[in-house]
Protein chains: 2
Amino acid sequence: MYSIVTDTVADAMPGRANGLQDVNIHLPYSLSDLLGLLGAAPHVDSASNGFPLAMRQLRTDAALFHEGEMVECIYFVYSGSLKRVRTAEDGYEQVLGFAGRGDLLGYDGVCMGRHPSSAVALEDARLLAVQTQDLRSLMGSFPAFGPLLQKASSLELQRQGESLGLMAAVSAEVRLARFVLQMSERMQAMGQSARRFHLRMCRRDIASYLGVAHETVSRSFTMLADWGCLQVDNREVEILDAALLQQIASNTRGLLDMALDRARASAVERPQGRVSDSRPARRPRTAGREQIWRAAASLGSVS
Amino acid sequence: MYSIVTDTVADAMPGRANGLQDVNIHLPYSLSDLLGLLGAAPHVDSASNGFPLAMRQLRTDAALFHEGEMVECIYFVYSGSLKRVRTAEDGYEQVLGFAGRGDLLGYDGVCMGRHPSSAVALEDARLLAVQTQDLRSLMGSFPAFGPLLQKASSLELQRQGESLGLMAAVSAEVRLARFVLQMSERMQAMGQSARRFHLRMCRRDIASYLGVAHETVSRSFTMLADWGCLQVDNREVEILDAALLQQIASNTRGLLDMALDRARASAVERPQGRVSDSRPARRPRTAGREQIWRAAASLGSVS
DNA sequence: CGAGCAATTGACCATAGTCAAGACTAGTGG
DNA sequence: CCACTAGTCTTGACTATGGTCAATTGCTCG
């Protein structure tokens with residue numbers, strides 16, 4: 001599985017990653033920090049300084065909570081990133097999504113009182129914890145909190161919908177293209193570069209998230225790279241041709257239709273193409289992808 | 001695709017049953033009806049009688065709201081059922097989920113102020129509408145409302161997660177088995193029979209929801225029927241062997257492991273077992289569906 | 001009754017899952 | 001410091017699964 005980094009005491013069990021430091025650590029954080037994190041104006045609910053919140057710290061591969069546990073808190077990512085996973089009865093680990101700064105975790109368990117999925121840190125992370133039992137009084141005492149929580153949960157719901165949209169695509173390359181664009185948007189939303197970023201999750205996690213085999217993720221990455229959309233070095237991704245990537249991502253069914261349309265359209269315009277990296281022509285093995293090659297070539301993305 | 005049915009202006013299409021009646025119709029409904037629908041005790045917030053709510057009526061195939069529209073209300077299904085759909089840029093219609101009585105719709109648009117997906121009635125339906133601008137004051141004035149809304153939105157989020165779990169399965173039969181079980185649970189939750197029910201959506205919708213071709217849904221239904229799990233007559237479904245169905249549904253990867261495990265297990269309790277006889281030292285590379293047949297046979301599900 | 005859509009089934013073959021092997025990296029302990 | 005393990009990542013080969021096209025049947029509703 002994943003390389004286990006025990007964060008504190010040597011626990012003899014290698015399978016379990018959670019040491020003592022994953023328990024709550026109370027630091028001088030308060031509700032006002034949360035309101036700020038969620039984008040509230042600086043001084044709304046100034047009394048919110050007086051409501052202390054726990055800041056939870058996690059090391060890589062440590063679980064924030066496990067599937068099936070009672071829900072005591074909902075969490076907001078303060079730094080770092082996590083994945084949400086559900087383990088099927090047969091032991092298969094399905095990745096439901098990834099969370100970064102500002103994202104809400106654990107809310108899906110509120111209705112049943114139990115977490116339907118686990119959350120695991122992809123890197124060292126810190127999270128603000130709000131006890132569910134406090135939710136009611138918080139909404140009463142701090143008028144800004146209710147709408148912000150609503151907004152956050154609504155955003156989660158929207159994100160999940162988009163995740164479903166990823167899986168709708170039939171072809172693996174399209175799924176991956178959509179995934180890359182999704183990550184790119186998120187990075188931008190967090191103030192980072194949308195063009196070049198570092199993936200925090202391994203191929204297996206991406207594969208599970210996209211519903212394909214991890215070998216297929218590898219292959220699809222090289223495909224996208226060959227077409228001149230991306231440059232990939234392990235987890236480092238650079239988007240070279242966002243337009244082409246978008247085009248690929250926008251085709252749910254196959255690659256064929258797009259390639260034809262695109263090739264036809266671009267046969268008219270045809271600007272001078274910039275050269276990314278001229279690689280020896282690889283023989284495309286299938287009819288469908290042959291089209292993409294032509295499309296890409298006619299776009300000037302590949303010389 | 002689906003015939004687009006505008007629910008406002010009289011469209012000249014004679015074949016379609018949707019006319020003016022899909023616009024808002026204010027009937028004597030109030031917040032107390034909503035609280036009741038969501039499972040609150042009968043007399044909490046008795047003043048809620050005084051807060052009127054719009055009841056929206058939809059005919060089959062009419063849209064509750066369209067993707068991209070401004071969010072004015074969130075809705076709670078009072079009767080009937082709907083599907084949530086997202087139309088990709090290439091025109092492909094992706095079904096995100098289905099909603100029945102008590103389910104919340106439109107909440108995912110609250111964060112951005114625009115609906116990220118459409119909602120379309122699968123049959124004549126009625127919905128209670130709550131204007132988003134009222135949410136804040138409602139939560140202030142009616143203490144029971146906030147938690148109920150929270151619970152409803154949390155449930156939606158959980159459901160979405162389960163939907164993602166459907167797509168995780170590689171084999172089409174497994175996806176369909178999970179879908180059927182999901183529907184069964186929902187029917188039961190709504191007080192109907194979990195064993196025998198009527199699907200409100202067509203094969204295409206199921207297919208889109210599961211991320212497979214609609215022909216594959218047909219084939220998978222006949223497969224499950226052949227294995228003795230189900231009886232299917234068009235949209236009428238009867239579960240014959242829930243245990244086997246569960247078994248099939250619980251295998252994310254292939255059908256292989258399950259069939260073997262199951263055959264082995266039942267070989268113990270069933271001394272006649274000739275099933276797990278001389279298994280070749282190495283598992284046959286892809287045993288395929290033959291295994292299921294044997295497993296089913298050894299279970300006595302198929303004569 | 002006919003038009004149109006839903007559902008099923010068959011044939012074909014491209015895509016992607018599976019197994020296998022090798023390259024590379026990071027963490028561990030001698 | 002260097003193996004040594006254990007993980008990730010990539011690539012190749014093979015083939016089952018499922019997407020696509022096509023034809024048929026059945027259902028519903030004018």
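Naming: A, B, ... by sequence-line order, numbering from 1 per chain.
As rounded to whole Å, 13 Å separates atom C1' of C/dA14 from atom CE of A/M223. A/R200 places its CZ atom 18 Å from the C1' atom of D/dT8, with the value rounded to the nearest Å. The CD atom of A/E236 sits 19 Å away from the P atom of C/dC24 (whole-angstrom rounding). Across the protein-nucleic acid pair, A/L122 atom CG and D/dG7 atom P stand 18 Å apart, rounded to whole Å. When the C1' atom of C/dC5 is taken as reference, atom CG of B/D61 falls 12 Å away, rounded to whole Å. Note: CG (A/N251) to P (C/dT15) measures 14 Å, nearest angstrom. Between B/H198 atom NE2 and C/dA6 atom C1' the separation is 12 Å, expressed in whole Å. Between the C1' atom of D/dC27 and the CZ atom of B/R235 lies a distance of 11 Å, rounded to the nearest Å.
With B/L58 as the partner, the side chain to side chain contact (heavy atoms under 4.5 Å, CB included) test is satisfied by one option alone out of B/L122, B/V120, B/L64: B/L64.
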Compile the donor-acceptor pairs under 3.5 Å between side chains in residues 210-224 of chain B and protein atoms, sequence neighbours left out, one pair per line.
residue: B/S220; atom: OG; partner: B/T216; partner atom: O; Å: 2.8
residue: B/T222; atom: OG1; partner: B/S218; partner atom: O; Å: 3.2
residue: B/T222; atom: OG1; partner: B/R219; partner atom: O; Å: 2.6

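In this structure, B/Q192 and B/F197 have side chains that are not in contact, with every pair of non-hydrogen atoms separated by 4.5 Å or more. Annotation: side chain of A/D90 is not in contact with side chain of B/S250 (no heavy-atom distance under 4.5 Å). The side-chain heavy atoms of A/W227 and A/D241, taken from C-beta on, include no pair separated by under 4.5 Å. The side-chain heavy atoms of A/E162 and A/R178, taken from C-beta on, include no pair separated by under 4.5 Å.
Out of C/dA7, C/dA16, D/dG19, the shortest distance to the side chain of A/S171 is found at C/dA16. You'll find that the side chain of A/A213 is closest to C/dG17, out of C/dG17, D/dT8, D/dG18.
With respect to the salt-bridge test (charged N to carboxylate O, under 4.0 angstrom), the residues B/D103 and B/R186 qualify.
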What does the list of N/O pairs under 3.5 Å between the protein and nucleotides 8-10 of chain C look like, with a distance for each?
residue: C/dT8; atom: OP1; partner: B/R203; partner atom: NH2; Å: 3.1
residue: C/dT8; atom: OP2; partner: B/R203; partner atom: NE; Å: 2.7
residue: C/dT8; atom: OP2; partner: B/R203; partner atom: NH2; Å: 3.4
residue: C/dT8; atom: OP2; partner: B/S218; partner atom: OG; Å: 2.5
residue: C/dT8; atom: O5'; partner: B/S218; partner atom: OG; Å: 3.4
residue: C/dG10; atom: N7; partner: B/R219; partner atom: NH1; Å: 3.0
residue: C/dG10; atom: O6; partner: B/R219; partner atom: NH2; Å: 3.2

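Contacts of A/R175 with the nucleic acid, taken as non-hydrogen atoms under 4.0 Å apart, are absent.
The phosphate of C/dC5 (OP1 or OP2) has no side-chain N or O of B/R204 nearer than 4.0 angstrom.
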